[in-house]
Asker: 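Encoded as structure tokens, here's the structure I'll be asking about.
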2 protein chains.
Amino acid sequence: MATGRTHRPATRSRGIPEATVARLPLYLRALTALSERSVPTVSSEELAAAAGVNSAKLRKDFSYLGSYGTRGVGYDVEYLVYQISRELGLTQDWPVVIVGIGNLGAALAGYGGFASRGFRVAALIDADPAMTGKPVAGIPVQHSDDLEKIISEDGVSIGVIATPAGVAQQVCDRLVAAGVTSILNFAPTVLSVPDGVDVRKVDLSIELQILAFHEQRKAGEESSAEEGPEALAEPEPAAAVVAPAPRGTTGTTGRKGPDGDVPAVMPA
Amino acid sequence: MATGRTHRPATRSRGIPEATVARLPLYLRALTALSERSVPTVSSEELAAAAGVNSAKLRKDFSYLGSYGTRGVGYDVEYLVYQISRELGLTQDWPVVIVGIGNLGAALAGYGGFASRGFRVAALIDADPAMTGKPVAGIPVQHSDDLEKIISEDGVSIGVIATPAGVAQQVCDRLVAAGVTSILNFAPTVLSVPDGVDVRKVDLSIELQILAFHEQRKAGEESSAEEGPEALAEPEPAAAVVAPAPRGTTGTTGRKGPDGDVPAVMPA
DNA sequence: CCGTGTGAACGTGTTCACAGCC
DNA sequence: GGCTGTGAACACGTTCACACGG
């Protein structure tokens, strides 16, 4: 998750597994929906279905939080909402800055998911002077010259980077220097940060590529029966034939573009 | 990943681990950058640094693809770019539809990450008649009545959902019925899909909540020495005092918002 | 000699299945 | 009886460390 040293050998200080933490927001969302419908209690089975996980996993997850829940009955919805909120730190207010108010930044600024649940857009920041003062989603954009001031005055510890990839690292550096210790990165770059700073990334093209991988596999699967116990038939037995250069730097005059195709993999 | 039955017991058909697949796009991006700078070869160490992983992991990952790479030298950049592209299915063209052209959908439509790397925005679809025909990022928006026709005519197998949460499931159902088998979901909902359909989700508020969790933990760590062996001091000794209802369905008149705020998790 | 490729050790996460309690 | 809570088994992922080959 974090780029710079996610080490943490085994601090063990009441450690909730990372995988569990990642699911708590899911449970919380499902519970909130139930709460709005005034449902008083849920079983692990029901809640798991609503959250899209299986019930054993859910119970295990909750067991790390403590023994909320009543045997033979289920979980008290309101109580659980509170406990998970507290565990996630949502009972306090988190001011957030969004840097880079282009299409994406504007979309994020207007996104309801911010306003709810303890997150508050403290400021929108952009480097373009033409944007300064312009209200986006009701919040006036501030110039990036004032970044440090904004961060420290509002006590912001969470920053969202929605800038082009080219400037993401320097924006990140400035955020960190100003005191931000958690970063949500939408720019398609690997950010390096010092110890103690968390980075999470959201990357559209990575997600698409993962989908493409599975999609391609589905297409290749068509012929074999789905229950095939040992159906190992590879589409191409000798993959090297198709490849640009079977191996060996030499042979093709030692140069690059080994064969005709040459992917031409240039991103935007 | 996929919501409805990610079962797949152990198909084993030349299985590249899911974790590895998720990193291939990262390697590919780093390699592409090297390729642009005409770097002929990289060592696992260098490439790993560029991709933000450690070298052992990278070598293990590559070993699932085959034995590309030369001992004592490293990997041929062009060759690897090609191999990874092929493995990910990026040597073919993937038409993609984006459904829901609000702020976010528009941002996605304009995102460079689409155009590059074999993905092509085949259509933008929105339910608002006022949007129909309006060009967004150079592509005219089409009305959702034509969704099925668009999907089948263009042979689209990947769909992106950027609608409000309330309609995401029905959009999903229509996409799947029309032949889409991979979905990237930006709406904050759990989608249920039949077997064989992959869903990946990108969820801003979940990411923020995970950051908040770690952020909170950092703050709490301040007082105790970081090696604190048994420093278990809970902030509130008796959590129940603050909690909405220690247990028992009655007590709070079935009210909602335990801590003033009242979630109101409905997104934009 | 250097860096890849990989078995083996280790750690994390998931699932099973059932004891324990309401 | 029903459902939670959890040890134990299992599967997956990561790291180590070194043999192997250019």
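Just so we're on the same page: letters track the sequence lines, and every chain starts at 1. Keep in mind that the numbers below use all heavy atoms, side chains included, and drop hydrogens, waters and symmetry copies.
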Asker: Taking only N and O in the side chain of A:Thr70, is any of them less than 4.0 Å away from OP1 or OP2 of C:dC22?
Answerer: no
Asker: Can you tell me the distance, in whole Å, between the CD atom of B:Glu46 and the C1' atom of C:dC2?
Answerer: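 Rounded to the whole Å, the gap is 12 Å.
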Asker: Is there a donor in the side chain of A:Arg59 and an acceptor in the side chain of A:Ser44, or the other way round, less than 3.5 Å apart?
Answerer: yes
Asker: For C:dT15, does OP1 or OP2 lie under 4.0 Å from any side-chain N or O of A:Asn54?
Answerer: yes
Asker: Provide, to the nearest angstrom, the distance between the NZ atom belonging to A:Lys57 and the P atom belonging to C:dC16.
Answerer: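 Rounded to the whole Å, the gap is 11 Å.
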Asker: Taking atom P of C:dT6 as reference, at what distance in whole Å does atom CZ of B:Phe62 sit?
Answerer: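 Atom-to-atom, B:Phe62 to C:dT6, this comes out as 14 Å.
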Asker: Of B:Glu45 and A:Val73, whose nearest nucleotide on DNA chain C comes first from the 5' end?
Answerer: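 On the 5' side of the pair lies B:Glu45.
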Asker: May I ask you to say what A:Tyr75 touches in the nucleic acid, namely base, sugar-phosphate or nothing, with a heavy-atom cut-off under 4.0 Å?
Answerer: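 Here A:Tyr75 touches the backbone only, sparing every base.
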Asker: So, OP1 or OP2 of D:dT14: does either fall under 4.0 Å of a side-chain N or O from B:Arg23?
Answerer: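 Yes, such a contact exists.
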Asker: Let me know the distance between CZ of A:Arg71 and P of D:dC3, rounded to the nearest Å.
Answerer: 14 Å
Asker: What is the distance, to the nearest angstrom, from the CD1 atom on A:Ile16 to the P atom on D:dT6?
Answerer: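 Checked: the CD1 to P distance equals 14 Å.
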Asker: In whole angstroms, how far is the P atom of D:dG2 from the CG atom of A:Leu47?
Answerer: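 Value for this atom pair: 20 Å.
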Asker: Is the phosphate of D:dC3, meaning OP1 or OP2, less than 4.0 Å from a side-chain N or O of A:Ser43?
Answerer: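 So the side-chain polar atoms of A:Ser43 never come under 4.0 Å of the phosphate oxygens OP1 or OP2 of D:dC3.
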Asker: Assess whether salt bridge (Lys or Arg N to Asp or Glu O under 4.0 Å) is satisfied between B:Asp198 and A:Arg217, documenting all intermediate values.
Answerer: CA-CA 12 Å; B:Asp198 278 316; A:Arg217 176 147 305 195; over 6 Å; no
Asker: Please check if the side chain of B:Lys201 supplies one atom and the backbone of B:Ala187 the other of a donor-acceptor pair under 3.5 Å.
Answerer: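 No, because the side chain of B:Lys201 does not come within donor-acceptor range (under 3.5 Å) of the backbone of B:Ala187.
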Asker: Between the side chain of A:Gln216 and the main-chain N/O of B:Glu87, is any donor-acceptor distance below 3.5 Å?
Answerer: yes
